[in-house]
Amino acid sequence: DIQMTQSPSTLSASVGDRVTITCRASQSITKWLAWYQQKPGKAPKVLIYKASILESGVPSRFSGSGSGTEFTLTINSLQPDDFATYYCQHYNDYSWTFGQGTRVEIK
Amino acid sequence: EVQLVQSGAEVKKPGESLKISCKGSGYTSDTYWFGWVRQVAGKGLEWMGIIYPGDSDTRYGPSFQGQVTISVDKSIDTAYLQWDSLKASDTAMYYCASFYCTGGVCSPLDYWGHGTLVTVSS
């Protein structure tokens, strides 16, 4: 089974910062990688799919890149609404594994 | 717009059985799947499995194979998650999600229910 490893597990940042979260797959998943945002008490929401495609309605300060085994989620100019937990997920296969999550907290 | 409505919170004792549901609506084609995701309080998301209503093709996450049963009733667009014998460690929020697959290409988990909280305690 494919394992997804996210880093860091927690990230402290300030409003306006640029933040980057990394997700590594245990084997190549080409571009079948999605990023989700989850706020406390809410269901997750898709931000990015196929590694770099922005979901409709998601602000353009979010971007994704990568292919194969290494992927990144970048948030340019962090906004107050962005403090949340972010998960990567491999999908479109027999195993849809999530990464462990990265909590973005206020510095 | 796809909407997923999950059944209400449950409180059960260890050893009891349970079946929770997720009713979908608003689909624009038949190529949709249901998925289930577990989240223990304060922890991350765990993919439990997915099911295709068209032929009940089911795929389980390795940690959940043999531990739960995922089923579907296509006639009412409803997916189910079932336990035969609950354990305290099954206490968690369970999210239903839905996505489309066309020609072997799937979307991620685009649509989510509100979650069903399952508490297992003696």
Side-chain angles (χ1 to χ4, degrees), chain A residues 1-10 21 23 25-26 29-58 62 64 71 73 84-105, chain B residues 1-6 9 20 22 24 28 31-52 57-66 70 92-117:
Chain A
D1 297 322
I2 297 172
Q3 308 300 317
M4 306 300 294
T5 304
Q6 261 181 263
S7 60
S9 55
T10 307
I21 299 167
C23 181
S26 59
I29 59 171
T30 60
K31 283 188 171 281
W32 297 112
L33 191 283
W35 290 98
Y36 299 82
Q37 177 193 65
Q38 187 181 32
K39 295 183 179 178
K42 301 290 187 184
K45 167 187 147 179
V46 176
L47 299 174
I48 303 275
Y49 63 98
K50 276 189 85 174
S52 61
I53 301 175
L54 199 65
E55 182 83 342
S56 175
V58 174
F62 291 93
F71 303 86
L73 172 70
T85 302
Y86 295 84
Y87 295 91
C88 64
Q89 186 202 29
H90 164 52
Y91 68 101
N92 200 63
D93 201 337
Y94 286 92
S95 180
W96 289 39
T97 319
F98 287 98
Q100 306 96 311
T102 296
R103 183 178 169 221
V104 176
E105 60 181 29
Chain B
E1 177 77 6
V2 172
Q3 292 195 327
L4 299 171
V5 178
Q6 296 187 231
I20 62 175
C22 169
T28 56
T31 60
Y32 65 92
W33 292 59
F34 288 102
W36 288 97
V37 175
R38 183 174 81 174
Q39 188 167 41
V40 174
K43 303 295 184 185
L45 305 173
E46 299 174 271
W47 176 74
M48 302 181 73
I50 54 176
I51 188 165
Y52 177 52
D57 181 12
T58 310
R59 303 166 192 183
Y60 290 93
S63 300
F64 297 96
Q65 179 81 48
I70 295 172
M93 180 70 81
Y94 292 87
Y95 289 104
C96 169
S98 197
F99 60 97
Y100 289 100
C101 284
T102 305
V105 175
C106 299
S107 68
L109 301 173
D110 279 327
Y111 309 102
W112 291 75
H114 53 81
T116 295
L117 181 62

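The sequence lines fix the lettering, A, B, ..., with proteins before strands; numbering per chain opens at 1. Everything numeric here is computed off the predicted structure, so don't read it as measured data. Just so you know, these numbers use all the heavy atoms, side chains as well, and skip hydrogens, waters and symmetry mates.
Put simply, the side chain of Trp36(B) reaches to within 4.5 Å of the side chain of Cys22(B), judged on heavy atoms. Counting heavy atoms from C-beta on, the side chains of Gln39(B) and Tyr94(B) never come closer than 4.5 Å. Side chains of Leu47(A) and Tyr86(A) form a contact here, defined as non-hydrogen atoms less than 4.5 Å apart.
Thr102(A) and Gln6(A) are linked by a side-chain donor-acceptor pair at a separation below 3.5 angstrom, with hydrogens and angles left out of the test. Tyr36(A) and Gln89(A) share a donor-acceptor pair across their side chains, judged by distance under 3.5 Å alone.
Residues from residues 100-110 of chain B that place a non-hydrogen atom less than 4.5 Å from a non-hydrogen atom of chain A comprise Gly104(B), Val105(B), Cys106(B), Ser107(B), Pro108(B), Leu109(B), Asp110(B), given in numerical order. The contact list for residues 41-50 of chain B toward chain A, using heavy atoms and a distance under 4.5 Å, reads Lys43(B), Gly44(B), Leu45(B), Glu46(B), Trp47(B), Ile50(B) by residue number.
Residue Phe99(B) touches chain A through its side chain alone, counting heavy-atom pairs closer than 4.5 Å.
Around CD of Glu105(A), the count of heavy atoms belonging to other residues, nucleotides or ligands within 6.0 Å exceeds 12.
The backbone N or O of Gly35(B) lies less than 3.5 Å from no partner atom in the side chain of Tyr95(B), so there is not a single donor-acceptor pair.
Residues satisfying the salt bridge (charged side-chain N to carboxylate O under 4.0 Å, His left out) criterion with Asp57(B), sequence neighbours excluded, are Arg59(B).
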Problem set entry | Gln38(A)/Thr85(A) under side-chain hydrogen bond (donor to acceptor under 3.5 Å, both in side chains): CA gap, chis, key distance, verdict | CA-CA 5 Å; Gln38(A) 187 181 32; Thr85(A) 302; 6.0 Å; no
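Comparing Thr97(A), Val46(A), Asn92(A), Asp1(A) by how many heavy-atom pairs each has under 4.5 Å with chain B, the most go to Asn92(A). Of the listed residues (Ala43(A), Pro44(A), Gly99(A)), the one with the most heavy-atom contacts under 4.5 Å to chain B is Pro44(A).
Residue pairs meeting the salt bridge (charged side-chain N to carboxylate O under 4.0 Å, His left out) criterion with at least one member in residues 35-55 of chain A, sequence neighbours excluded: Lys39(A)-Asp81(A).
Contact between Gly115(B) and Gln6(B) at its shortest, heavy atoms only, is N-OE1, 2.9 Å.
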